Amino acid sequence: MNEWTEGVAGKPSPSVIESIDVARVYPSPLNPRKSVSEAAIAELAESIKAQGLLQPITVRPKDYEDTIEYDGSIVSVPTGYEIVCGERRYRACVLAGYAEIPCIVREMSDEDAIDAMITENLQRKDVDPMEEAAAFQLLYDRGAKVEDLAARFGKSERFVRDRMLMTRLVDELKPLVSDGRLTISGAQMLARLEDHGEDFVDDNKDSIAGGEGFSTSDVKEYLGGLLEDLRDAPFHPDGDMRETWNDGLLKKCSTCPCCSTSTGSLFPEMEDKTPRCANNKCYNEKMQAYFGHLLMKYRDDLVKEGEEIEAGRVVVLDDTYEAKIGRASCRERV
């Protein structure tokens with residue numbers, strides 16, 4: 001047994017190195033890393049057979065059985081030694097036929113153990129982007145600030161925010177990001193437009209089942225057909241984006257982050273010269289507000305029900321989808 005003074009995740013504390021029966025060591029259910037290449041494990045096992053295990057794994061002792069809630073499930077935690085860092089090395093040692101495995105044994109709380117696992121995973125070169133997103137989100141949910149995470153892992157704040165955004169991606173698309181069939185920028189576009197994620201899956205279910213991939217251009221083209229062209233919006237007469245009629249009723253499109261050409265747009269991947277609205281709910285609310293504005297503007301000249309049409313009077317026709325939306329929402333109020 002050797003004394004060990006170097007802690008995990010930069011937290012010095014006394015530890016010891018022991019050779020422990022592999023049957024008493026088990027992977028942690030708290031580990032955010034879920035995908036491990038079996039081929040890479042086999043390759044590492046061959047290396048360990050030839051050279052031995054060059055770096056011990058880190059474990060924490062658990063002398064009682066426990067159950068924890070993690071990722072929406074109840075997980076049993078047995079007695080023995082829970083792996084904090086080095087699950088790949090452990091699995092490779094088992095595959096290589098090791099009966100015992102060198103371990104750095106360290107007393108750690110659940111909080112410290114999770115922090116160490118996340119840190120180790122995020123420092124890998126081959127980190128899965130979806131696991132990276134989940135790890136950043138978990139640290140953020142536990143109180144870490146975006147700027148602190150960026151500094152800690154050598155990333156930009158924009159990178160951290162964009163990664164966390166992908167946790168909002170519909171479940172069916174997350175494996176496509178992990179295996180490279182859906183580009184990260186395409187995933188971010190679909191994550192920002194949560195309402196369209198399930199539509200994308202439904203419309204492309206055969207391609208997804210067939211193993212096809214989707215480029216950023218594919219996603220952009222798909223979403224471009226769903227987003228409203230604001231140049232044709234009734235509340236922008238003659239394409240005028242100034243919205244002089246909108247006196248503080250709703251945020252103007254020219255300053256709304258859901259407009260693809262506005263300053264501070266939430267959708268940089270969709271930026272082009274055509275202003276497009278990515279928020280259908282807001283678009284319809286503005287449609288109703290504008291229709292109400294017109295009704296009030298011409299209220300004295302409106303032809304009411306039962307009156308005859310005369311020159312100079314205003315008639316409301318609900319012969320378009322937009323007019324029907326506006327009339328239905330404003331009928332009782334007007």
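Note that the numbering runs from 1 along the sequence shown for the chain. Every value quoted in this text rests on a predicted model; they were computed, and no experiment measured them. Atom set for the values below is all heavy atoms of this structure, side chains included, hydrogens, waters and symmetry mates excluded.
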field: Check: Phe214 and Ser207 side chains under 4.5 Å, non-hydrogen atoms
entry: yes
message: Between Arg313 and Asp300, does any side-chain N to carboxylate O distance fall below 4.0 Å?
response: no
message: Under 4.0 Å between a side-chain nitrogen and a carboxylate oxygen: does that hold for Glu132 and Arg163?
response: yes
message: Could you walk me through whether Arg60 and Asp110 satisfy the salt bridge (charged side-chain N to carboxylate O under 4.0 Å, His left out) test, starting with their C-alpha distance in whole Å, then the side-chain angles of each, then the deciding distance to 0.1 Å, before giving a yes or no?
response: CA-CA 10 Å; Arg60 62 173 180 156; Asp110 287 348; 2.7 Å; yes
Residue pair [X] / [Y]: nearest heavy atoms and the distance that separates them:
X: Ser260; Y: Thr274; value: OG-O, 3.1 Å
X: Ile20; Y: Arg24; value: CG2-CB, 4.2 Å
X: Ile118; Y: Ala135; value: CG2-CB, 3.7 Å

Checking the side chain of [X] only, and the main-chain atoms of [Y] only, is there a donor and an acceptor separated by less than 3.5 Å?
X: Trp245; Y: Phe235; answer: yes
X: Glu307; Y: Lys304; answer: yes
X: Asp112; Y: Met108; answer: no
X: Lys286; Y: Lys251; answer: yes

message: Side chains of Thr119 and Arg152: any donor to acceptor distance under 3.5 Å?
response: yes
- prompt: Cut-off 3.5 Å, side chains only: do Gln137 and Asp141 have a donor facing an acceptor?
  reply: yes
task: Can you run down the ring pair (Phe, Tyr, Trp, His ring centres under 6.0 Å) pairs that involve residues 147-174, sequence neighbours left out, and say none if there aren't any?
output: Phe136-Phe153
- request: Before giving the answer on side chain to side chain contact (heavy atoms under 4.5 Å, CB included), spell out for Cys253 and His236 the whole-Å C-alpha distance, their side-chain angles and the decisive distance to 0.1 Å.
  value: CA-CA 9 Å; Cys253 293; His236 290 152; 3.5 Å; yes
Could you give the side-chain donor-acceptor pairs of residues 42-50 under 3.5 Å, partners two or more places apart or in another chain?
none

message: Before we go on, tell me: are the rings of Tyr26 and Tyr81 under 6.0 Å apart, centre to centre?
response: no
Heavy-atom count check: over 12 atoms from other residues, nucleotides or ligands less than 6.0 Å from [X] [atom1]?
X: Lys281; atom1: NZ; value: no
X: Glu221; atom1: CD; value: no
X: Glu198; atom1: CD; value: no
X: Arg161; atom1: CZ; value: no

- prompt: Do Val314 and Phe291 share a hydrophobic cluster, counting only Ile, Leu, Val, Met, Phe, Trp and Tyr and linking them when any side-chain heavy atoms are less than 4.5 Å apart?
  reply: yes
query: Same cluster or not: are Val146 and Leu165 linked, directly or through other Ile, Leu, Val, Met, Phe, Trp or Tyr residues, by side-chain heavy atoms under 4.5 angstrom apart?
result: no
message: Quick check on side chain to side chain contact (heavy atoms under 4.5 Å, CB included): which of Ile208, Thr216, Val177 does Leu182 satisfy it with?
response: Val177
